[in-house]
Amino acid sequence: MGLELYLDLLSQPCRAIYIFAKKNRIPFEMRTVELLKGQHLSDAFAQVNPLKKVPALKDGDFTLAESVAILLYLTRKYKVADHWYPQDLEACARVDEYLAWQHTTLRRSCLRALWHKVMFPVFLGEPVSPEMLATTLAELDVTLQLLEDKFLQNKAFLIGPHVSLADLVAITELMHPVGAGCQVFEGRPKLAAWCRRVEAAVGEDLFREAHEVILKAKDSPPADPTIKQKLMPAVLAMIR
């Protein structure tokens, strides 16, 4: 059996891995794990990833969890262009810096924006107070400013003149609040121009394909009560 990727394109890191593998023509079998049906919590999926999270990778007898680890595994196993994860020591360190930073900052802010604005009220039928939503969106705004000031600055891409894993991970995160209807790029022309460059670098068709699910998130039907009960603990732990 060849490379298998366990993904749900509702997920930010799953989209990054999907785009990276497709863009670099890495052959893989996609195994869809539907998060909103709780399939990641099943005993069957736990045989692939005991952490019960997507994404997950299975390559023969080898299994791997965690999106950054999976992306780095793919860059090392397959011959991809150097700009994705540069061999130059300092450029590589800059990619690592962003990948280390984003877990508890941009990813958290984007995830909370999606769930507080759309998924809690629409999918789970749980109201979110205006105060909570305002706080969440204010936190997102602060994080976006950090993304611009610390990482993007006046460069074409986050690391320099070429697209890298850092850009791919960042843009897939930002599409979470975009899918929730947040005007992420409003009043941020530098960030908007960067987004267009990343989209062009990966290919507009592939970018659109990967984000089709998240852009329809606000149309999600209400969760079945049994599924809701199963998902709630994991969701609350994820966005706290």
Side-chain angles (χ1 to χ4, degrees), residues 7-24 55 67-68 71 75 80-81 83-86 91 94-119 136-219:
L7 309 172
D8 183 337
L9 297 185
L10 181 67
S11 155
Q12 303 149 292
C14 286
R15 293 195 296 272
I17 290 168
Y18 181 84
I19 291 172
F20 182 77
K22 286 273 191 176
K23 176 64 178 176
N24 288 286
S67 59
V68 170
L71 284 168
T75 64
V80 302
H83 62 78
W84 289 109
Y85 194 61
R94 289 300 182 200
V95 176
D96 289 340
E97 181 184 36
Y98 176 77
L99 295 178
W101 174 80
Q102 51 88 31
H103 284 294
T104 57
T105 46
L106 190 63
R107 176 164 295 172
R108 179 181 182 274
S109 295
C110 292
L111 197 60
R112 284 167 61 84
L114 174 69
W115 279 90
H116 286 163
K117 191 170 174 63
V118 169
M119 302 306 288
T136 295
L137 296 181
E139 289 173 354
L140 175 62
D141 194 57
V142 169
T143 308
L144 291 174
Q145 194 63 51
L146 279 172
L147 178 65
E148 280 194 294
D149 294 345
K150 160 63 179 167
F151 294 98
L152 182 57
Q153 299 175 3
N154 292 311
K155 303 188 296 293
F157 297 98
L158 296 183
I159 307 307
H162 304 292
V163 70
S164 73
L165 291 181
D167 300 283
L168 186 54
V169 169
I171 195 63
T172 50
E173 287 163 350
L174 288 186
M175 292 304 290
H176 249 39
V178 169
C182 299
Q183 302 302 312
V184 168
F185 303 107
E186 187 173 310
R188 296 186 181 277
K190 190 160 58 174
L191 202 63
W194 163 80
C195 174
R196 290 191 293 271
R197 287 192 290 272
V198 177
E199 184 175 350
V202 302
E204 293 180 6
D205 290 343
L206 176 57
F207 188 87
R208 191 180 306 112
E209 175 190 339
H211 290 96
E212 185 177 1
V213 173
I214 191 62
L215 293 176
K216 294 178 179 177
K218 55 184 175 294
D219 300 323

From [X] atom [atom1] to [Y] atom [atom2], the distance as rounded to the nearest 0.5 Å:
{"X": "L137", "Y": "Q183", "atom1": "CG", "atom2": "CD", "value": "11.5 Å"}
{"X": "L106", "Y": "L174", "atom1": "CG", "atom2": "CG", "value": "5.0 Å"}
{"X": "W115", "Y": "C110", "atom1": "CH2", "atom2": "SG", "value": "15.0 Å"}
{"X": "T105", "Y": "K150", "atom1": "OG1", "atom2": "NZ", "value": "12.0 Å"}
{"X": "E148", "Y": "Q145", "atom1": "CD", "atom2": "CD", "value": "5.5 Å"}

Taking the basic N atoms (NZ, or NE/NH1/NH2) and the acidic carboxylate oxygens, is any pair closer than 4.0 Å for [X] and [Y]?
{"X": "E199", "Y": "R196", "value": "no"}
{"X": "E212", "Y": "R208", "value": "no"}
{"X": "K190", "Y": "D149", "value": "no"}

Can you tell if the side chain of [X] reaches within under 4.5 Å of the side chain of [Y], non-hydrogen atoms only?
{"X": "V178", "Y": "L215", "result": "yes"}
{"X": "I214", "Y": "L114", "result": "yes"}
{"X": "L191", "Y": "L144", "result": "yes"}
{"X": "Q12", "Y": "M175", "result": "no"}
{"X": "L71", "Y": "L99", "result": "no"}
{"X": "R107", "Y": "S67", "result": "yes"}
{"X": "D96", "Y": "W101", "result": "no"}
{"X": "V95", "Y": "P86", "result": "yes"}

Can you give me the closest heavy-atom contact between [X] and [Y], atom names plus distance?
{"X": "V202", "Y": "L206", "answer": "O-CD2, 3.8 Å"}
{"X": "V68", "Y": "Q102", "answer": "CG2-NE2, 4.1 Å"}
{"X": "N24", "Y": "A81", "answer": "OD1-N, 4.4 Å"}
{"X": "L168", "Y": "A16", "answer": "CD2-O, 3.4 Å"}
{"X": "L10", "Y": "A217", "answer": "CD1-CB, 4.5 Å"}
{"X": "A210", "Y": "L9", "answer": "O-CB, 3.9 Å"}

Legend entry - Pair H103-R108, side-chain contact (heavy atoms from CB on, under 4.5 Å): steps then yes or no: CA-CA 7 Å; H103 284 294; R108 179 181 182 274; over 6 Å; no
Legend entry - H176: which of R15, R112, K117, H211 passes side chain to side chain donor-acceptor pair (under 3.5 Å): R15
Below 3.5 Å, can you tabulate the donor-acceptor pairs from side chains in residues 155-164 to any protein atom, sequence neighbours excluded?
unit_1 : atom_1 : unit_2 : atom_2 : d
K155   : NZ     : F151   : O      : 2.5
K155   : NZ     : L152   : O      : 3.4
K155   : NZ     : L158   : O      : 3.3
S164   : OG     : A166   : N      : 3.1
S164   : OG     : D167   : OD2    : 3.3

Legend entry - From CA spacing to verdict: side-chain contact (heavy atoms from CB on, under 4.5 Å), F20, T75: CA-CA 9 Å; F20 182 77; T75 64; 3.5 Å; yes
Inset, instruction - Carefully, step by step, assess E209 and K22 under the rule side-chain contact (heavy atoms from CB on, under 4.5 Å). - result: CA-CA 11 Å; E209 175 190 339; K22 286 273 191 176; 4.3 Å; yes
Inset, instruction - For R188, look at atom CZ and say whether over 12 heavy atoms of other residues, nucleotides or ligands are found less than 6.0 Å away. - result: yes
Legend entry - Q153 CD: over 12 foreign heavy atoms closer than 6.0 Å: yes
Inset, instruction - Show your working on side-chain contact (heavy atoms from CB on, under 4.5 Å) between W84 and K23 and close with a plain yes or no. - result: CA-CA 11 Å; W84 289 109; K23 176 64 178 176; 3.9 Å; yes
